[in-house]
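None of the values given here were measured: they were computed from a predicted structure. Computed from heavy atoms alone, side chains included, the values below leave out hydrogens, waters and symmetry copies.
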Amino acid sequence: MGPRCDKRRTGFKSPFRRDSQYHSARRDHLLTKSGINFKRHEEYGTSVEAFGELLISPGLVLLEEVQWVSFHSGYDFWYLNKIVWCAPLPPTEAEFFELLRIWFPCIWDIKGGLQEVTDDLNVPRIGPQHQAGSDSLLITATFFKMRGKFFEDAIDSKYMHHH
């Protein structure tokens, strides 16, 4: 068994002010209900720039050996690309996907209703819904369960997310 979960952990310092045009009361309610503490994130969270460095320095991007497992991840990779590029997004979709292929060359993106897929495969959730750690564990466990059940533990790369 790994180290105990530190309930004091926090996430990003939000680049958006809660009183700005980007604020969503509905989103905030959902996340607060799931245990997100916005005040704690703002005070102790990791800056977006520091997170970008943490992706680049150990080699989590740019390498085909690193495979990303995700669930309907269009917006997630939009945001990650913006973080690692430290620049505005490209003006065209084609340019965006070209940079995506460079920075994140291997993406396995699960599609479908996550809860339905995990229920069908009997994959248990660990932790609360809509929290990055819990959702990541669930998505990864679901991927490996699908790979074992439907692909004999070896998925052909033709099913990898390519644009």
Side-chain angles (χ1 to χ4, degrees), residues 9-18 20-24 26-28 30-31 34 36 38 41-42 45-118 120-121 123 125-127 129-163:
R9 286 188 184 163
T10 187
F12 294 113
K13 291 182 180 180
S14 177
F16 302 113
R17 292 173 42 112
R18 293 181 74 202
S20 77
Q21 66 181 352
Y22 300 107
H23 177 259
S24 167
R26 183 175 174 213
R27 181 206 62 211
D28 284 0
L30 172 74
L31 294 174
S34 297
I36 300 294
F38 287 104
H41 285 282
E42 195 57 41
T46 301
S47 72
V48 173
E49 295 81 9
F51 183 75
E53 289 177 25
L54 291 171
L55 285 173
I56 295 169
S57 59
L60 295 175
V61 294
L62 302 169
L63 300 174
E64 289 190 19
E65 295 81 21
V66 176
Q67 298 185 23
W68 292 78
V69 177
S70 60
F71 175 75
H72 285 291
S73 64
Y75 288 112
D76 299 329
F77 281 100
W78 171 86
Y79 193 71
L80 286 173
N81 280 322
K82 191 164 172 38
I83 290 171
V84 296
W85 298 333
C86 295
L89 291 170
T92 69
E93 187 176 289
E95 290 172 283
F96 170 82
F97 286 122
E98 181 57 34
L99 287 172
L100 178 66
R101 274 191 294 277
I102 292 168
W103 284 91
F104 300 93
C106 298
I107 301 171
W108 298 98
D109 194 28
I110 300 171
K111 302 294 186 190
L114 183 60
Q115 195 61 55
E116 293 82 13
V117 172
T118 58
D120 288 347
L121 294 171
V123 178
R125 175 180 286 281
I126 300 170
Q129 198 171 16
H130 306 301
Q131 295 247 350
S134 175
D135 288 353
S136 296
L137 285 170
L138 185 65
I139 291 163
T140 304
T142 301
F143 172 78
F144 285 109
K145 185 91 176 233
M146 288 173 63
R147 189 178 79 170
K149 184 172 183 172
F150 302 114
F151 297 96
E152 299 175 2
D153 285 325
I155 303 177
D156 190 303
S157 64
K158 70 180 179 184
Y159 296 111
M160 192 174 291
H161 190 274
H162 297 286
H163 291 280

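The nearest pair of heavy atoms linking Phe71 to Asp76 is O-OD2, 4.3 Å. Here the closest heavy-atom approach between residue Gly148 and residue Asp153 is recorded as CA-OD1, 3.1 Å. Of all heavy-atom pairs spanning Val117 and Lys111, the tightest one is CG2-O, 4.4 Å. Met160 approaches Cys106 most closely through the heavy-atom pair SD-CA, 3.4 Å. When all heavy atoms are compared, the tightest approach of Met146 to Ile110 is SD-CG2, 4.3 Å. Of all the heavy atoms in Ile83 and Gly52, the pair that sits closest is CG2-CA, 3.2 Å.
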Could you walk me through whether Leu99 and Asn81 pass the side chain to side chain contact (heavy atoms under 4.5 Å, CB included) test, one step at a time?
CA-CA 8 Å; Leu99 287 172; Asn81 280 322; 5.6 Å; no
Decide side chain to side chain contact (heavy atoms under 4.5 Å, CB included) for Cys86 and Glu49; before the verdict, give the C-alpha distance in whole Å, the side-chain angles of both, and the deciding distance to 0.1 Å.
CA-CA 8 Å; Cys86 295; Glu49 295 81 9; 5.9 Å; no
Audit row: Leu137, Arg125, side chain to side chain contact (heavy atoms under 4.5 Å, CB included) steps and yes/no:
CA-CA 8 Å; Leu137 285 170; Arg125 175 180 286 281; over 6 Å; no
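A donor-acceptor contact shorter than 3.5 Å links the side chain of Trp68 to the backbone of Leu60. Proximity of a side-chain donor or acceptor of Thr92 to a complementary backbone N or O of Glu95 within less than 3.5 Å is detected. Between the side chain of Ser47 and the backbone N or O of Ala50 there is at least one donor-acceptor pair closer than 3.5 Å.
Atoms CZ and CD, on Phe143 and Gln67 in that order, are 7.0 Å from each other to the nearest 0.5 Å. Summarising the geometry, atom CG belonging to Leu114 is positioned 5.0 Å from atom CG belonging to Leu138; distances are rounded to the nearest 0.5 Å. Here the OH-NZ distance, from Tyr79 to Lys82, works out to 8.5 Å after rounding to the nearest 0.5 Å. A distance of 5.5 Å separates CG in Leu121 from CZ in Phe150, rounded to the nearest 0.5 Å. Atom CD of Gln115 and atom CG of Asp120 lie 10.0 Å apart (nearest 0.5 Å). Between the CD1 atom of Ile56 and the CZ atom of Phe51 there is a distance of 10.5 Å, given to the nearest 0.5 Å.
Classified by interplanar angle (parallel below 30°, tilted 30° to 60°, perpendicular above 60°), the ring pair Phe96/Trp85 is perpendicular.
When each of Asp109, Leu80, Ile139 is checked for a side chain to side chain contact (heavy atoms under 4.5 Å, CB included) with Ser70, only Asp109 meets the rule.
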